[in-house]
Peer 1: 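I have a structure here, written as structure tokens, and I will follow up with some questions on it.
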Amino acid sequence: MTVQRRAAFIGLAWILAAGFLPAAAHDAAHHGHEAMPASAEAPFLQENDAAMSKMMSAMAVKPTGNVDRDFTEMMIPHHQGAIDMAQTYLRYGRNEQLRRIAQEIIVEQQQEIAAMRLAVGDPPPAPAAAPTQVDPSVDLSLDPPANGSVPPPAMSMTGTGK
């Protein structure tokens, strides 16, 4: 991501977190697809909207008077939102170039979250599986389950096995 693009995203995040942009403008900027008819894209749009809503809610922190802490408390959910949206894209997107970009976003944002936590003296987040790694708790045997049930999916997009 270019420095200019990153600065634009950070600036928008600060504006949104500070409440300077009316909710309707935010909705129009990020959710212009709501008028679209139900389609195969609906699950992607629903998950992406959920990630955006979660991010925006988590970014609304009460200032503590500690600029360093306040900055990280707003930016970590912003970065996590980018991770969540990139993971959603990986579940539904098919463009190989965009899939690689989404994977890079996940790695870079995870690294930046860890760096921000360390910078303010917090422990780094627990390691998580990469979005294309197999969840180690999943049975990958090639034999069908004896009880006839369907085996769980072999890949975890969230790093939590869900």
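Values below: every heavy atom of this structure, side chains too, minus hydrogens, waters and symmetry copies. Index from 1, following the sequence.
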Peer 1: Is a side-chain N or O of H79 found less than 3.5 angstrom from the main chain of M75, in a donor-acceptor match?
Peer 2: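 Such a contact is found between H79 side chain and M75 backbone.
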Peer 1: Side chains of R91 and E47, heavy atoms from C-beta outward: is any pair under 4.5 Å?
Peer 2: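 Yes; the side chains approach each other to less than 4.5 Å.
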Peer 1: Atom CD of Q111 and atom CE of M116: how far apart are they, to the nearest 0.5 Å?
Peer 2: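 The distance works out to 11.5 Å.
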Peer 1: What's the separation between atom CE in M85 and atom CG in D49, rounded to the nearest 0.5 Å?
Peer 2: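 With rounding to 0.5 Å, CE (M85) is 10.0 Å from CG (D49).
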Peer 1: Looking at every heavy atom in both A82 and I105, which two are closest together, and how far apart are they?
Peer 2: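 Looking at all heavy atoms of both residues, the closest pair is O-CG2, 3.9 Å.
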Peer 1: A side-chain contact here means heavy atoms from C-beta on lying under 4.5 Å apart; do T72 and R117 qualify?
Peer 2: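 Heavy-atom side-chain distance check fails, nothing below 4.5 Å.
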Peer 1: Could you tell me whether the side chain of D70 and the main chain of T64 form a donor-acceptor pair under 3.5 Å?
Peer 2: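 Between the backbone of T64 and the side chain of D70 there is a qualifying donor-acceptor contact (under 3.5 Å).
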Peer 1: On a heavy-atom basis, which atom in P125 and which in A114 lie closest, and how many Å separate them?
Peer 2: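 Heavy-atom minimum between the residues: CD-CA, 3.9 Å.
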Peer 1: Do you know which two heavy atoms are closest between M59 and P77, and how far apart they sit?
Peer 2: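 Shortest heavy-atom separation between M59 and P77 comes out as CG-CB, 3.9 Å.
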Peer 1: I'd like to know if the side chain of S57 and the backbone of K54 have a donor-acceptor N/O pair within less than 3.5 Å.
Peer 2: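 No, S57 side chain to K54 backbone: no donor-acceptor pair under 3.5 Å.
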Peer 1: If I take atom CZ from residue F71 and atom CG from residue N66, how far apart are they, to the nearest 0.5 angstrom?
Peer 2: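 The distance works out to 12.5 Å.
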Peer 1: Between CD of E108 and CD1 of I83, what distance do you get to the nearest 0.5 Å?
Peer 2: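 Between atom CD of E108 and atom CD1 of I83 there are 10.5 Å.
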Peer 1: Before giving the answer on side chain to side chain contact (heavy atoms under 4.5 Å, CB included), spell out for Q87 and I106 the whole-Å C-alpha distance, their side-chain angles and the decisive distance to 0.1 Å.
Peer 2: CA-CA 8 Å; Q87 289 173 332; I106 293 166; 3.6 Å; yes
Peer 1: Does some side-chain heavy atom of N95 sit less than 4.5 Å from a side-chain heavy atom of Y89?
Peer 2: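 They are in contact (side-chain heavy atoms under 4.5 Å apart), so the answer is yes.
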Peer 1: Do Q80 and I113 come close enough that some side-chain heavy atom pair is under 4.5 Å?
Peer 2: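 When only atoms from C-beta onward are counted, I113 and Q80 do touch, with a gap below 4.5 Å.
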Peer 1: Between R99 and L90, is there a donor-acceptor pair closer than 3.5 Å when you use the side chain of the first and the backbone of the second?
Peer 2: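 Answer holds: yes.
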Peer 1: Do the non-hydrogen side-chain atoms of E73 and D68 ever get within less than 4.5 Å of each other?
Peer 2: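 They are not in contact (no side-chain heavy atoms under 4.5 Å apart), so the answer is no.
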